[in-house]
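One structure, pasted below without further comment.
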Amino acid sequence: MNRAILLVSHGNLASTMKESVELIAGIQQQLFALSMGDQETLDSFSRELEAAVNQLLDRYKEIIILADIKGGTPCNAATLQVLKNSRVQVIAGFHLGLVIESCLSPVSPKELLDNTSRSICHINSTVNPINIKEEL
């Protein structure tokens, strides 16, 4: 699998997510993080992201950019990269399970979403709560 995973986010979420993934799955050489500071604009972050993407494209055949939230500045900057290069894919709304699977599985972005969306659930609807009053 010759692809890079690049996390982009507001604040330190991307770098913290990278740390969490590596705590669980070990060092991931293909996983990178780029965080947008509170003083950055779409233009400044887009330039920073473009430089990072160009460096990664020298080493990897494909880049999947995982953005923190659809419609946010990091995601919008990533979308500009899709328009510039067909080797860039973007998924908005990352979570720990998605990032881990992106690192460990060679499947397509669509399959990543299909696989990891099933892990999001309302736990209360899947368990039978214990009636504490009856036990007391």
Side-chain angles (χ1 to χ4, degrees):
M1 176 169 62
N2 188 7
R3 75 174 174 209
I5 308 299
L6 177 58
L7 306 173
V8 296
S9 71
H10 297 85
N12 295 324
L13 181 60
S15 56
T16 302
M17 179 65 74
K18 181 179 186 299
E19 290 174 11
S20 295
V21 168
E22 291 182 336
L23 177 70
I24 295 168
I27 299 298
Q28 300 296 310
Q29 299 294 332
Q30 78 286 17
L31 179 61
F32 304 89
L34 184 62
S35 298
M36 188 184 99
D38 61 353
Q39 299 301 313
E40 289 192 79
T41 64
L42 176 60
D43 288 337
S44 66
F45 189 73
S46 293
R47 286 190 300 274
E48 189 177 354
L49 179 58
E50 183 171 13
V53 165
N54 288 337
Q55 284 183 342
L56 290 173
L57 286 174
D58 288 341
R59 295 173 36 206
Y60 296 93
K61 291 181 181 178
E62 174 186 39
I63 300 171
I64 297 178
I65 300 175
L66 301 178
D68 58 353
I69 186 169
K70 182 180 177 182
T73 301
C75 186
N76 293 342
T79 301
L80 295 174
Q81 294 305 304
V82 169
L83 298 173
K84 293 178 181 182
N85 196 309
S86 62
R87 294 167 46 201
V88 176
Q89 303 278 325
V90 175
I91 297 174
F94 70 69
H95 59 83
L96 187 57
L98 173 62
V99 180
I100 291 172
E101 180 134 356
S102 297
C103 290
L104 301 180
S105 176
V107 300
S108 71
K110 183 187 179 324
E111 289 173 290
L112 288 171
L113 289 175
D114 289 346
N115 294 344
T116 60
S117 66
R118 289 188 293 265
S119 69
I120 299 172
C121 66
H122 180 226
I123 295 296
N124 293 47
S125 65
T126 64
V127 297
N128 293 321
I130 298 171
N131 189 336
I132 295 176
K133 287 182 182 179
E134 289 179 7
E135 290 190 3
L136 296 175

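No hydrogens, no waters, no symmetry mates; every other heavy atom, side chains included, goes into these values.
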**OP:** Any pair with a residue in residues 71-95 that passes salt bridge (charged side-chain N to carboxylate O under 4.0 Å, His left out), sequence neighbours left out, goes on the list, sorted by first then second residue, please.
**Re:**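 Pairs touching residues 71-95 that pass the test: Glu50-Lys84.
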Original post:
If Ile, Leu, Val, Met, Phe, Trp and Tyr residues are connected whenever their side-chain heavy atoms lie under 4.5 Å apart, and connections chain through other members, are Phe45 and Leu80 in the same group?
Top reply: no
Subject >> Reported OG-to-CG distance for the pair Ser102 and Leu7, which is rounded to 0.5 angstrom >> reply: 8.5 Å
Subject >> ILVMFWY cluster, Ile69 and Val99 together (side-chain gap under 4.5 Å) >> reply: no
Subject >> Minimum heavy-atom distance Leu31-Lys18, with the two atoms named >> reply: O-CE, 2.9 Å
May I have the list of side-chain donor-acceptor pairs in residues 36-43 shorter than 3.5 Å, sequence neighbours left out?
from, atom 1, to, atom 2, distance (Å)
Glu40, OE2, Gly37, N, 2.8
Thr41, OG1, Asp43, N, 3.4
Thr41, OG1, Ser44, N, 3.1
Thr41, OG1, Ser44, OG, 3.4

Subject >> Counterpart residues, side chain to side chain donor-acceptor pair (under 3.5 Å), relative to Gln55 (two or more places apart) >> reply: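 By the side chain to side chain donor-acceptor pair (under 3.5 Å) rule, Gln55 matches no residue at all.
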Subject >> Spacing of Thr116 atom OG1 and Glu101 atom CD [to the nearest 0.5 Å] >> reply: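 Reported value, rounded in 0.5 Å steps: 6.0 Å.
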Original post:
Sequence neighbours excluded, which residues qualify as side chain to side chain donor-acceptor pair (under 3.5 Å) partners of Arg59?
Top reply: none
Subject >> Exercise: identify the closest heavy-atom pair between Val21 and Gln28 >> reply: CG1-CG, 4.2 Å
Original post:
Do Ile24 and Leu98 share a hydrophobic cluster, counting only Ile, Leu, Val, Met, Phe, Trp and Tyr and linking them when any side-chain heavy atoms are less than 4.5 Å apart?
Top reply: yes
**OP:** Take Asn85 and Val53 through the side-chain contact (heavy atoms from CB on, under 4.5 Å) test and state the conclusion after the steps.
**Re:** CA-CA 10 Å; Asn85 196 309; Val53 165; 5.7 Å; no
Subject >> Flag if over 12 foreign heavy atoms under 6.0 Å of CG, Leu96 >> reply: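 For Leu96, atom CG is crowded (more than 12 foreign heavy atoms under 6.0 Å).
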Original post:
Which atoms form the tightest heavy-atom contact between Val8 and Phe94, and what is the distance?
Top reply: O-CE2, 3.5 Å
**OP:** Return the minimal non-hydrogen interatomic distance between Gln81 and Ser46, and the atom names on each side.
**Re:** NE2-O, 4.2 Å
Subject >> Distance in Å, Ile65 CD1 paired with Leu34 CG, rounded so as to fall on 0.5 Å steps >> reply: 9.0 Å
Original post:
Partners of Ser20 by side chain to side chain donor-acceptor pair (under 3.5 Å), sequence neighbours excluded?
Top reply: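 For Ser20 there are no side chain to side chain donor-acceptor pair (under 3.5 Å) partners, ignoring immediate neighbours.
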Original post:
Would you call Ser119 and His95 a side-chain contact if the rule is heavy atoms closer than 4.5 Å?
Top reply: yes
Original post:
Going from CG on Leu112 to CG on Leu66, what distance comes out if it is rounded to the nearest 0.5 angstrom?
Top reply: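 So the gap between those two atoms works out to 8.0 Å.
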Original post:
To the nearest 0.5 Å, what is the distance between OG1 (Thr73) and CG (Leu49)?
Top reply: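 The CG atom of Leu49 is 12.0 Å from OG1 of Thr73, to the nearest 0.5 Å.
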**OP:** Might you point out which heavy atoms bring Asn76 and Gly71 nearest each other, and give the distance in Å?
**Re:** ND2-O, 3.2 Å
Original post:
Which value, rounded to the nearest 0.5 Å, describes the distance between Ile63 atom CD1 and Leu56 atom CG?
Top reply: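 Reported to 0.5 Å precision, the distance equals 4.5 Å.
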Subject >> Any residue meeting side chain to side chain donor-acceptor pair (under 3.5 Å) with Lys110, in chain and number order, not counting sequence neighbours >> reply: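 Applying side chain to side chain donor-acceptor pair (under 3.5 Å) to Lys110 gives Asp114.
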**OP:** Specify the closest pair of heavy atoms between Ser35 and Ser15, including all atoms of both residues, with the distance to one decimal.
**Re:** OG-N, 3.7 Å
